[in-house]
Number of protein chains: 2
Amino acid sequence: MNAAKATRMSADDRRELVIAAATRAFARGGYAGTSTDAVAREAGVSQPYVVRMFGTKLELFLEVFERAVGRIRDAFAAVLDDDPFDPASDDDRARMGIAYTELLRDQDFLQVMMHGFSAGGVPEISAAARRCMGEVFATVRRTGWDDEETRDFIAYGMLLNVMISMRAHEHLGEGDPLTALTTCAFGDALEMLESPA
Amino acid sequence: MNAAKATRMSADDRRELVIAAATRAFARGGYAGTSTDAVAREAGVSQPYVVRMFGTKLELFLEVFERAVGRIRDAFAAVLDDDPFDPASDDDRARMGIAYTELLRDQDFLQVMMHGFSAGGVPEISAAARRCMGEVFATVRRTGWDDEETRDFIAYGMLLNVMISMRAHEHLGEGDPLTALTTCAFGDALEMLESPA
DNA sequence: TTGACATGTTATCAGTCGATTACTTATCGT
DNA sequence: ACGATAAGTAATCGACTGATAACATGTCAA
């Protein structure tokens, strides 16, 4: 008997599967540059099913985007919840940095996030972007850092996101100015980008 | 006599006009989210003319993108060329910061830049993004700052670009976490965003 | 004046898009 | 076994997209 046929899935499971596929698809093409059909093919279901499951492409993107940023926010929150955090401790600062570095394994989330952040032309998306960015800021703020230090931490993260979005780590070459910036920005975390072991 | 009719323009002038219109259009919708017809309407010409002038929509976007980043790079270069630059001077560091805040008046350039930086899914665009980012890094590096300080300067700029793309400055509200980040990130430069006088 | 070239436009096309409708089939309680 | 409900697909639509071809008109040198 062929397992490819006939077996069904609960709507919830299928929904998760489609969201995961949509995350990969939107990471590549962004909101406007990704068709619902591309998402459907990535998920192995029909295009109308994707649309009916989420209502519209916009609602699907918003779901994917909010989950992506939510995952990043939660990674920071986990650091704060796991152990006491000393805002003056360099070790604890490093813990937050490492939490971000771990996220580099899942570049799709970061790229979806950047697409959402850049999509100021779609009011619903930019509204979600503002809300999500606010949540991330509030979460990192829980470190006890002041506004300025929190801002600088997030700024550094934005640079890394941009570098990943332009695939800087896949085009390292000696003497290239961008390579200098890439190695300087990622440091040891560069390994995280090459071998997602 | 009606000036709207009959008067023609040199192709070069018209080209500049279309590029300016395309900058506004792409700033709103990005590459995939902006049709050549939208650009044509913004420029007041026909859609086929826009296509024929640049060959393809991709070539038009690349031209617009490279000009946008070029303008930013040149703003930094101008600071370095105008007067001697002391890498250890806080005043000179402020000069570079101010050069960037001046760019906040033309948010279209910054948004086009962010769209290009995020468009990793289009190889030609991400290749241009890497090259342009490398040029910006090399230019800022001319301050005499080391890699790390240059990196932090650019990271801060990326944060501001992201905040602008999500229109944070147009949605300031008391008690909002994002508002805290916005005021903290832009500081006095916030005025630059409201009244482009 | 004229004719050649540059500056544009109108008409049109094949492909793609998001969405709707109608239909099919698996699953499960009774 | 069976009927109701949930899970999914095939077919199709009108709108839009980027691009091409054919055509029209302003401009300028001779």
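Treat the numbers as computed from the prediction; the structure is a model and nothing was measured. Chain letters run A, B, ... following the sequence lines, proteins first and then strands; every chain starts at 1.
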Salt bridge (charged side-chain N to carboxylate O under 4.0 Å, His left out) with A:R131: which residues, sequence neighbours excluded?
A:E66, A:E135
Pairwise distance CD1(A:I154) to SG(B:C184) - rounded to 0.5 angstrom
9.5 Å
Does C:dT9 have its OP1 or OP2 closer than 4.0 Å to a side-chain nitrogen or oxygen of B:Y49?
no
In chain order, what residues pass the salt bridge (charged side-chain N to carboxylate O under 4.0 Å, His left out) check against A:E59, with sequence neighbours excluded?
none
What does the B/S/- profile of nucleotides 17-22 of chain D look like, 5' to 3', with a 4.0 Å heavy-atom cutoff to protein?
SBBB-B
Whole-Å distance, A:E59 CD to C:dG18 C1', equals 13 Å
Contact list please: residues 14-23 of chain B against DNA chain D, heavy atoms, distance less than 4.0 Å, in numerical order.
none
Can you measure A:R8 atom CZ to D:dG8 atom C1' for me and round it to whole angstrom units?
5 Å
Take the protein atom CG of B:D12 and the nucleotide atom C1' of C:dT7, then report the distance between them rounded to whole Å.
12 Å
Applying ring pair (Phe, Tyr, Trp, His ring centres under 6.0 Å), name anything that partners A:Y31, two or more places apart in sequence or on another chain.
A:F61
Check this for me, if you would: do B:D86 and B:R95 make a salt bridge, where the nitrogen-to-carboxylate-oxygen distance has to be below 4.0 angstrom?
no
Lys/Arg N to Asp/Glu carboxylate O, A:E170 vs B:R130, below 4.0 Å:
no
Contact list for residues 132-156 of chain B, test ring-ring contact (aromatic ring centres under 6.0 Å, His included), sequence neighbours left out
B:F76-B:F153, B:F85-B:W145, B:W145-B:F153
If we ignore hydrogens and angles and just use 3.5 Å, is the side chain of B:D146 paired with the main-chain N or O of B:E148 as donor and acceptor?
yes
